[in-house]
There are 2 protein chains.
Amino acid sequence: MHPDTQNGFRALADPTRRDILKRLAKGEHTIAQLTQHFDMTRAAVKKHLTVLSDGGLITTRAAGRERFNALNPDGFAPMRDWIGFFDHFWDAQLSNLKDAIENNNQKDQHND
Amino acid sequence: MHPDTQNGFRALADPTRRDILKRLAKGEHTIAQLTQHFDMTRAAVKKHLTVLSDGGLITTRAAGRERFNALNPDGFAPMRDWIGFFDHFWDAQLSNLKDAIENNNQKDQHND
DNA sequence: GTGACAGGATACCAAGCGGTATCATAATTA
DNA sequence: TAATTATGATACCGCTTGGTATCCTGTCAC
């Protein structure tokens, strides 16, 4: 289905990486530019960018000796879809609650 | 904003835990029931359930000596909202592409 | 009560991860 | 050419984490 789900969720699991994504949402950044905003070395930021790239969440454009990192909005689709699967259960829970209130009884719906 | 974002994303970052959530979507399960489906000990499953609980993604109901673990669909909201922030950029990217095609020019929109 | 059963808690281990230091490489500039 | 700049790559360290083994507590059935 979505082969990058694991790498994507793993990339999102770190607060620094989520912060990087928010910053890239404002436009392309080189590693040096990003590093200015964080209290860590360039090598550490580079590692985070590698994880984000593995997750398909960013793309890189080379220009001379610089490499511009940019958001890849499409890369969020696997995680959005995976989480979206559970929207159905939120709705179902609501409609069950609604039924319970209207019928004034609470069936247990234990399956399995 | 959403204090559980970190614990939530961390909980989703493991494939076993995502599998557990999918199984809980079919109904309540005890630890013993869940353990049957995985190639690991009950203690390991228990640890995963603790992480899922910390992330607010499941709830537990005690009944005698059994403890039924159930999905908490509301717990997905922080992650859904966080990812949803980037939907805007997907739209923006599309409209930029549309403009570029219509105007037949490619402005660079490098900001910062 | 005595077993058997479901679960909690802890110590322990190997692997992974976030981070630094360091060296190497390519491109700009004097 | 030489120095600087931007980045890549690797070795290493400490902490976290996924997993097991083990022991303990509480509950159900005789």
Side-chain angles (χ1 to χ4, degrees), chain A residues 4-24 27-71 79 110 112, chain B residues 4-24 27-72 79 108 110 112:
Chain A
D4 286 349
T5 302
Q6 174 54 29
N7 285 337
F9 272 121
R10 174 170 124 64
L12 294 181
D14 184 272
T16 298
R17 288 194 288 268
R18 291 199 302 279
D19 197 344
I20 289 175
L21 289 173
K22 287 275 187 177
R23 291 186 182 279
L24 292 186
E28 291 181 328
H29 286 71
T30 64
I31 293 188
Q33 289 171 338
L34 283 170
T35 303
Q36 291 179 345
H37 298 291
F38 295 99
D39 190 21
M40 63 183 72
T41 64
R42 181 180 51 80
V45 174
K46 162 63 177 170
K47 281 194 176 182
H48 283 303
L49 289 175
T50 299
V51 175
L52 287 168
S53 179
D54 290 346
L57 298 175
I58 64 171
T59 57
T60 299
R61 173 178 67 86
R65 62 180 167 182
E66 290 179 310
R67 291 177 67 81
F68 289 96
N69 301 277
L71 207 63
M79 286 76 77
H110 180 100
D112 183 45
Chain B
D4 286 350
T5 301
Q6 174 55 28
N7 284 338
F9 272 121
R10 175 170 121 65
L12 294 181
D14 184 273
T16 299
R17 288 194 288 268
R18 291 199 303 278
D19 198 344
I20 289 175
L21 290 173
K22 288 274 188 178
R23 291 186 181 279
L24 292 185
E28 292 181 328
H29 286 69
T30 65
I31 292 189
Q33 289 171 337
L34 283 171
T35 303
Q36 291 179 344
H37 298 291
F38 295 99
D39 189 22
M40 63 183 72
T41 63
R42 182 178 50 79
V45 175
K46 162 64 178 170
K47 281 194 177 183
H48 284 303
L49 289 175
T50 299
V51 176
L52 287 168
S53 179
D54 290 346
L57 298 175
I58 65 171
T59 57
T60 299
R61 172 177 68 86
R65 62 181 167 181
E66 291 179 310
R67 291 176 67 81
F68 289 96
N69 301 277
L71 208 63
N72 178 29
M79 287 76 77
D108 77 330
H110 179 100
D112 180 40

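Below, chain A is the first sequence line, B the second, and so on; all start at residue 1. Basis for what follows: all heavy atoms, side chains included, without hydrogens, waters or symmetry-related copies. Bear in mind that the values here come from a model prediction, so they are computed numbers and not experimental data.
The CG atom of Leu52(A) sits 9.5 Å away from the CZ atom of Arg10(A) when rounded to the nearest 0.5 Å.
In terms of phosphate contacts, His48(B) brings a side-chain nitrogen or oxygen within less than 4.0 Å of OP1 or OP2 of dG19(D). Checking the phosphate oxygens (OP1, OP2) of dG19(D), no side-chain nitrogen or oxygen of Thr41(B) falls inside 4.0 Å. For dT7(D), one of the phosphate oxygens OP1 or OP2 lies less than 4.0 angstrom from a side-chain nitrogen or oxygen of Thr30(A). When the side-chain nitrogen and oxygen atoms of Arg67(A) are compared with OP1 and OP2 of dA6(D), none of them lie within a distance under 4.0 Å. For dT16(D), the OP1/OP2 oxygens have no side-chain nitrogen or oxygen of Arg10(B) closer than 4.0 Å. Contact check, Arg42(A) against dA21(C): no side-chain N or O comes under 4.0 Å of OP1 or OP2.
Salt bridge Arg18(A)/Asp14(A): absent, no basic N to carboxylate O contact under 4.0 Å.
In this structure, the side chains of Met40(A) and Thr35(A) stay at 4.5 Å or more apart for every pair of heavy atoms. Contact of the Ile58(A) side chain with the Leu21(A) side chain is registered, since non-hydrogen atoms from C-beta on lie closer than 4.5 Å.
Between Gln33(B) atom CD and dA6(C) atom P the separation is 10 Å, expressed in whole Å. The CZ atom of Arg61(B) sits 16 Å away from the P atom of dA6(C) (whole-angstrom rounding). The nearest whole Å value for the distance from the CZ atom in Phe68(B) to the P atom in dG8(C) is 12 Å. We find that NZ of Lys46(A) is positioned 13 Å from C1' of dT25(C), with the value rounded to whole Å. The CE-P distance, from Met40(A) to dA21(C), rounds to 13 Å in whole Å. In this structure, the CD atom of Gln36(A) is 11 Å from the P atom of dT7(D), given to the nearest Å. The distance from atom NE2 of His29(A) to atom P of dA6(D) is 15 Å, rounded to the nearest whole Å. Here the C1' atom of nucleotide dC17(C) and the CD atom of Gln6(B) are 13 Å apart, to the nearest Å.
Side-chain atoms of Thr59(B) and Asn72(B) include no donor-acceptor pair closer than 3.5 Å.
Taking the ring centre of Phe9(A) as origin, the terminal cationic atom of Arg17(B) falls outside the region bounded by 6.0 Å and 45° from the ring axis.
For DNA chain C, none of the residues of residues 12-24 of chain B falls under the heavy-atom distance limit of 4.0 Å.
If you check distances only, the side chain of Arg65(A) never reaches the base of dT7(D) with a donor-acceptor pair under 3.5 Å.
Heavy-atom distances to DNA chain D give each of Glu66(A) and Lys47(A) a nearest nucleotide, and the one nearer the 5′ end belongs to Glu66(A). For the pair Ile31(B) and Ala63(A), nearest-nucleotide mapping onto DNA chain C gives the more 5' position to Ile31(B).
A donor-acceptor contact shorter than 3.5 Å is absent between the side chain of Asp54(A) and the backbone of Asn7(A). Gln6(B) contributes a side-chain N or O that, together with a main-chain N or O of Ala13(A), makes up a donor-acceptor pair within less than 3.5 Å.
Using a 4.0 Å heavy-atom cutoff across all strands shown, Ala43(A) reaches at least one base atom of the nucleic acid.
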